Novice: 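Structure incoming, see below.
These numbers were taken from a predicted model, which means no experiment stands behind them. In listed order, ligands and their atoms are each counted from 1.
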Amino acid sequence: MQGVVEKVYERVVDRNRGEAEFHQAVREVLESLEPVITKHPSYAEGALLERLVEPERQIIFRVPWVDDAGEVHVQRGFRIEFNSALGPYKGGLRFHPSVNAGIIKFLGFEQIFKNALTAQGIGGGKGGSDFDPHGRSDAEVMRFCQSFMTELARHIGPSTDVPAGDIGVGGREIGYLFGQYKRLRNAYDAGVLTGKGLTWGGSLVRTEATGYGTVLFAQSMLATKGQSLEGKRVAVSGAGNVAIYAIEKAQQLGAAPITFSDSSGYVVDEAGVDLDLLKQVKEVERGRVKDYVDRRPGARLVVDGSVWDVPVDVALPCATQNELDGAAAATLLRGGCAVVAEGANMPSTPEAVAAFQSAGILYAPGKASNAGGVATSALEMEQNAGRTRWDFDTAESKLAAIMSDIHDSCVTAADEYGRPGDYVLGANVAGFTRVADVMIAHGIV
Ligand code: NDP
């Protein structure tokens with residue numbers, strides 16, 4: 001990096017000490033912007049870049065709750081309202097013990113560009129807590145969610161800030177959060193949260209959207225080479241919402257997903273993942289990946305390796321940030337992997353991204369390939385505002401059209417800056433210019 005973008009980056013590091021993931025996310029975007037600033041110096045005027053990397057508002061709050069044994073716990077809650085140029089802040093809530101300000105800031109920053117790419121009129125935000133739902137009873141999760149929402153409700157609203165799910169926050173948690181919001185406000189503001197249940201304002205396809213969208217993006221990338229997913233061996237990491245529906249869509253398109261994982265290890269099922277069993281174990285029983293292996297002859301559990309050791313044609317990282325490092329990327333490339341589409345946010349380290357790019361394979365950054373989730377959240381908001389409900393095929397065809405548009409926007413921007421096939425540059429530049437143009441129109445705010 002050099003010039004103005006380097007100065008902006010140095011200031012980010014200086015002002016946000018110890019927030020390594022936030023630095024990493026900012027660096028990746030700023031590096032892509034160098035050619036844009038050279039061609040259009042006006043984007044560096046009015047401290048636009050400095051404003052872009054500073055959240056509009058950061059809310060950090062205490063979340064006390066009582067467990068089933070009567071013991072009191074104190075968690076920390078976050079909501080980072082990063083950028084509202086394009087619409088109300090929009091982004092998920094993550095409940096995981098690793099959550100801190102830097103993680104939420106990196107996710108909120110990525111969300112700005114992702115949401116811009118969807119062209120759905122949504123700004124960027126993210127939130128969460130260091131609460132760990134694993135092993136907690138429904139009643140404990142409910143009490144935590146109620147305490148969390150008691151503070152969060154002051155800051156959100158259908159036209160202000162619209163949270164959704166992320167790691168550790170699924171339909172159960174959104175239900176408890178919505179129930180408490182409604183009670184506090186005495187208003188049925190369906191559009192205040194997305195990922196709701198289908199009987200109380202949720203949208204068909206929202207559950208599937210992130211995983212489906214990731215696979216559709218991979219299919220679009222392959223189509224630029226005259227290929228498809230048909231017959232391809234696929235490695236998926238994670239076994240949560242994104243992973244399960246990435247596996248489902250990959251199977252529908254004729255590919256063979258053979259892995260999934262959680263924090264206890266990864267599973268290889270050479271016969272192809274039994275999706276009904278995986279859903280039963282993970283969605284119904286909230287079990288561990290070992291429970292799948294116990295009931296599936298031929299599947300094996302590996303607890304001391306990396307899911308990226310398995311030779312495949314396509315890799316779909318769908319667990320968490322920085323889960324795929326430089327060494328894992330080298331192993332994947334040696335095994336013949338030619339496509340990587342990120343379902344998770346920033347799952348590849350900078351070394352892994354560099355390895356994929358210098359090998360010239362098809363590589364899609366999460367802010368483009370996993371945007372189907374938030375795009376379908378925007379479709380849920382649209383249905384809520386119109387007090388209407390679309391059928392599955394209507395919602396899925398809208399998702400497919402949005403993913404195709406995002407793919408084409410990335411390709412066009414990469415071509416414009418002389419880097420054909422560079423989806424990192426394409427996503428960052430296409431997302432940035434949409435936000436930056438509106439920030440300029442809104443003046444210094
Ligand atoms: P879930 O909580 O449903 O599932 C997460 C999965 O990843 C679990 O299997 C979990 O295992 C595993 N995992 C999480 N952290 C780790 C870790 N540190 N090490 C190993 N495994 C881990 O989350 P989602 O599927 O919703 O989210 C997955 C990723 O996709 C995240 O990066 C999220 O930000 C991103 N994303 C999600 C969207 C959505 O719509 N849900 C939208 C866009 C992006 P375990 O249970 O053992 O922790």
Novice: Does any N or O atom in Gly168 lie less than 3.5 angstrom from one in ligand 1, N or O only?
Specialist: yes

Novice: Who's the nearest protein heavy-atom neighbour of atom 12 (C) of ligand 1, and how far?
Specialist: Ala319 CB, 4.0 Å

Novice: Short N/O distance, under 3.5 Å, between Gly165 and ligand 1?
Specialist: no

Novice: Quick check on the 6.0 Å ring-centre criterion: do Phe106 and Phe82 meet it?
Specialist: no

Novice: With the threshold set at 4.0 Å, does a side-chain nitrogen-carboxylate oxygen contact exist between Arg136 and Asp68?
Specialist: no

Novice: Any idea which protein heavy atom is nearest atom 3 (O) of ligand 1, and the distance to it?
Specialist: Asn241 N, 2.9 Å

Novice: For atom 25 (O) of ligand 1, what is the nearest protein heavy atom, given as residue, atom name and distance?
Specialist: Val242 N, 2.9 Å

Novice: For the aromatic rings, using the six-membered ring if either is Trp, is the centroid distance between Phe432 and Phe113 under 6.0 Å?
Specialist: no

Novice: Can you check whether His407 and Tyr423 have ring centres sitting under 6.0 Å from each other?
Specialist: yes

Novice: How does Lys282 reach ligand 1, by side chain, by backbone, by both or by neither, if only non-hydrogen atoms under 4.0 Å count?
Specialist: neither

Novice: Table please: side-chain donor-acceptor pairs of residues 301-310 below 3.5 Å, with sequence neighbours left out.
Specialist:
{"from": "Ser306", "atom 1": "OG", "to": "Trp308", "atom 2": "N", "distance (Å)": "3.0"}
{"from": "Trp308", "atom 1": "NE1", "to": "Glu323", "atom 2": "O", "distance (Å)": "3.4"}
{"from": "Asp309", "atom 1": "OD2", "to": "Ser306", "atom 2": "N", "distance (Å)": "3.3"}

Novice: If you measure from atom 15 (N) of ligand 1 to every heavy atom of Thr320, Val374, Ile103, Val307, which option wins on shortest distance?
Specialist: Thr320

Novice: For ligand 1, which atoms, with element, lie under 4.0 Å from some heavy atom of Gly343?
Specialist: 30 (O), 35 (C), 36 (N), 44 (C)

Novice: Give the residue and atom name of whichever protein heavy atom lies nearest to atom 4 (O) of ligand 1, and the separation in Å to one decimal.
Specialist: Gly240 CA, 3.3 Å

Novice: Checking salt bridge (charged side-chain N to carboxylate O under 4.0 Å, His left out) for the pair Lys105/Glu19: CA distance, chi angles, key distance, verdict?
Specialist: CA-CA 9 Å; Lys105 261 192 236 172; Glu19 297 181 354; 2.8 Å; yes

Novice: Go through ligand 1 atom by atom and flag the ones less than 4.0 Å from a non-hydrogen atom of Arg94.
Specialist: 31 (C), 32 (O), 33 (C), 34 (O)

Novice: Using a strict cut-off of 4.0 Å, indicate which atoms of ligand 1 neighbour a heavy atom of Asn370.
Specialist: 43 (C), 44 (C)

Novice: Among Asp262, Thr207, Leu107, Asp166, which residue places a heavy atom closest to atom 34 (O) of ligand 1?
Specialist: Asp166

Novice: If you measure from each non-hydrogen atom of Pro347 to ligand 1, which part falls under 4.0 Å: side chain, backbone, both or neither?
Specialist: neither

Novice: Heavy-atom count around Arg185 CZ within 6.0 Å, excluding the residue itself: above 12?
Specialist: yes

Novice: Determine whether the side chain, the backbone, both or neither of Arg206 has a heavy atom under 4.0 Å from any heavy atom of ligand 1.
Specialist: side chain

Novice: Is ligand 1 under 4.0 Å from a heavy atom in the side chain of Gln321, in the backbone, in both, or in neither?
Specialist: neither

Novice: Are Tyr363 and Phe356 an aromatic pair, judged by ring center distance below 6.0 Å?
Specialist: yes

Novice: Nearest protein heavy atom to atom 23 (O) of ligand 1, by residue and atom, and its distance?
Specialist: Ile167 CA, 3.4 Å

Novice: Please, which pairs that meet ring-ring contact (aromatic ring centres under 6.0 Å, His included) have at least one residue in residues 236-263, sequence neighbours excluded?
Specialist: Phe260-Tyr292

Novice: Which pair of non-hydrogen atoms, one from Tyr89 and one from Gly124, has the smallest distance, and what is that distance?
Specialist: CD2-O, 3.6 Å

Novice: CZ of Arg419: more than 12 outside heavy atoms within 6.0 angstrom?
Specialist: no

Novice: Relative to ligand 1, is Glu323 under 4.0 angstrom through side chain, backbone, both or neither, heavy atoms considered?
Specialist: neither

Novice: Can you check whether Lys114 has an N/O within less than 3.5 Å of an N/O in ligand 1?
Specialist: no

Novice: Would Arg288 count as a polar contact of ligand 1, with the cut-off being nitrogen or oxygen pairs under 3.5 Å?
Specialist: yes

Novice: Any idea which atoms of ligand 1 are less than 4.0 Å away from a heavy-atom of Cys318?
Specialist: 28 (C), 29 (C)

Novice: Of the protein's non-hydrogen atoms, which lies at the shortest distance from atom 21 (N) of ligand 1, and what is that distance?
Specialist: Ser263 N, 3.7 Å

Novice: Nearest non-hydrogen contact with atom 39 (C) of ligand 1 belongs to which option: Ile244, Asp132, Thr210?
Specialist: Thr210

Novice: Just wondering, are more than 12 heavy atoms of other shown residues or ligands nearer than 6.0 Å to CZ in Arg76?
Specialist: no

Novice: Among all the protein's non-hydrogen atoms, which is closest to atom 44 (C) of ligand 1, and how far away is it?
Specialist: Asn345 ND2, 3.4 Å

Novice: Going by ring-ring contact (aromatic ring centres under 6.0 Å, His included), Phe148 matches just one of Tyr176, Phe78, Phe61, Tyr181. Which one?
Specialist: Phe61

Novice: Can you report which non-hydrogen protein atom sits closest to atom 46 (O) of ligand 1, along with the distance?
Specialist: His134 NE2, 2.9 Å

Novice: List ligand 1 atoms under 4.0 Å from Ser261, heavy atoms only on the residue side.
Specialist: 9 (O)

Novice: Going by side chain to side chain contact (heavy atoms under 4.5 Å, CB included), Val242 matches just one of Asn370, Val236, Thr210. Which one?
Specialist: Thr210

Novice: For Arg206 and Val374, which heavy atoms make the closest approach, and how far apart are they?
Specialist: NH2-N, 4.4 Å

Novice: Which of the atoms of ligand 1 are close to Ala344, meaning less than 4.0 Å from one of its heavy atoms?
Specialist: 29 (C), 30 (O), 32 (O), 35 (C)

